[in-house]
Amino acid sequence: QVQLVESGGGLVQIGGSLRLSCTASGRSFSTSPTGWFRQSPGKEREFVAAISRDGIYTSYADAAKGRCTISGDNAKNTVYLQLNTLKSEDTAVYYCASGLSSGRWDRPANYIDWGQGTQVTVSS
């Protein structure tokens, strides 16, 4: 059974930074692309970034480009999401996902396994 555990969320001021981590047990990240998504109250879960299983290719949502960096450490079976220059609209629960069944990396429905999420709150 695959378990994904996110950490690193918290309360940060506008313009600050956070590094989120997602650690997997039960399956290596090297077997599937891994994605980060976020969800705010009343909104649908939206794509933030994804990384290929070999760590070579990455993809970002337009809102994340230039402010977020996704990376992986297969030795630690951990994928990271560096968030910089945070804005109030970045406040959300951030989830990592793995086990891409098919298709596009930016579609939540294409992932099988999800973590429980970590809360990011950006305040003034």
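These numbers were taken from a predicted model, which means no experiment stands behind them. Hydrogens, waters and symmetry mates play no part in the numbers below; they use all other heavy atoms, side chains included.
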Item to check | Test log, rule side-chain contact (heavy atoms from CB on, under 4.5 Å), inputs L20 and L83 | outcome: CA-CA 8 Å; L20 309 183; L83 304 172; 4.0 Å; yes
Side chains of [X] and [Y] in contact at under 4.5 Å (non-hydrogen atoms):
X: R67; Y: K87; result: yes
X: L18; Y: L86; result: yes
X: V122; Y: L11; result: no
X: C68; Y: L81; result: yes
X: I70; Y: V79; result: yes
X: T118; Y: Y95; result: no
X: S124; Y: Q13; result: no
X: S52; Y: P33; result: no

If Ile, Leu, Val, Met, Phe, Trp and Tyr residues are connected whenever their side-chain heavy atoms lie under 4.5 Å apart, and connections chain through other members, are [X] and [Y] in the same group?
X: Y57; Y: V48; answer: no
X: L4; Y: W105; answer: no
X: Y111; Y: W36; answer: no
X: V93; Y: W114; answer: yes

Strictly distance-based, threshold 3.5 Å: is any side-chain N or O of [X] a donor or acceptor partner for the main-chain N or O of [Y]?
X: R38; Y: E46; result: no
X: N77; Y: A24; result: yes
X: T78; Y: K76; result: yes
X: R107; Y: G103; result: no
X: S98; Y: D113; result: no
X: S32; Y: G99; result: yes
X: E6; Y: G117; result: yes
X: N110; Y: L100; result: no

Checklist entry - Cut-off 3.5 Å, side chains only: do S17 and N84 have a donor facing an acceptor? => result yes
Next on the checklist: The criterion is side chain to side chain contact (heavy atoms under 4.5 Å, CB included); which residues satisfy it with K65, sequence neighbours excluded?
Outcome noted: Y60, D62
Next on the checklist: Which residues pass the ring pair (Phe, Tyr, Trp, His ring centres under 6.0 Å) test with Y94, not counting sequence neighbours?
Outcome noted: none
Checklist entry - Would you find more than 12 non-hydrogen atoms of other residues, nucleotides or ligands less than 6.0 Å from E89 atom CD? => result yes
Next on the checklist: Would you say that more than 12 heavy atoms from the other residues, nucleotides or ligands in this model lie under 6.0 Å from the CZ of R53, or not?
Outcome noted: no
Item to check | side-chain contact (heavy atoms from CB on, under 4.5 Å) evaluation trace for N74 with F29 | outcome: CA-CA 7 Å; N74 282 343; F29 278 130; 4.1 Å; yes
Next on the checklist: Can you tell me how far apart CG (D106) and OG (S59) are? Round to the nearest 0.5 Å.
Outcome noted: 6.5 Å
Item to check | Inter-residue atom distance S123.OG - I14.CD1, 0.5 Å rounding | outcome: 7.0 Å
Item to check | Pairs involving residues 74-124, ordered by first then second residue, that meet disulfide (SG to SG under 2.5 Å) (sequence neighbours left out) | outcome: C22-C96
Item to check | Geometric class of the F47/F37 ring pair [parallel <30°, tilted 30-60°, perpendicular >60°] | outcome: perpendicular
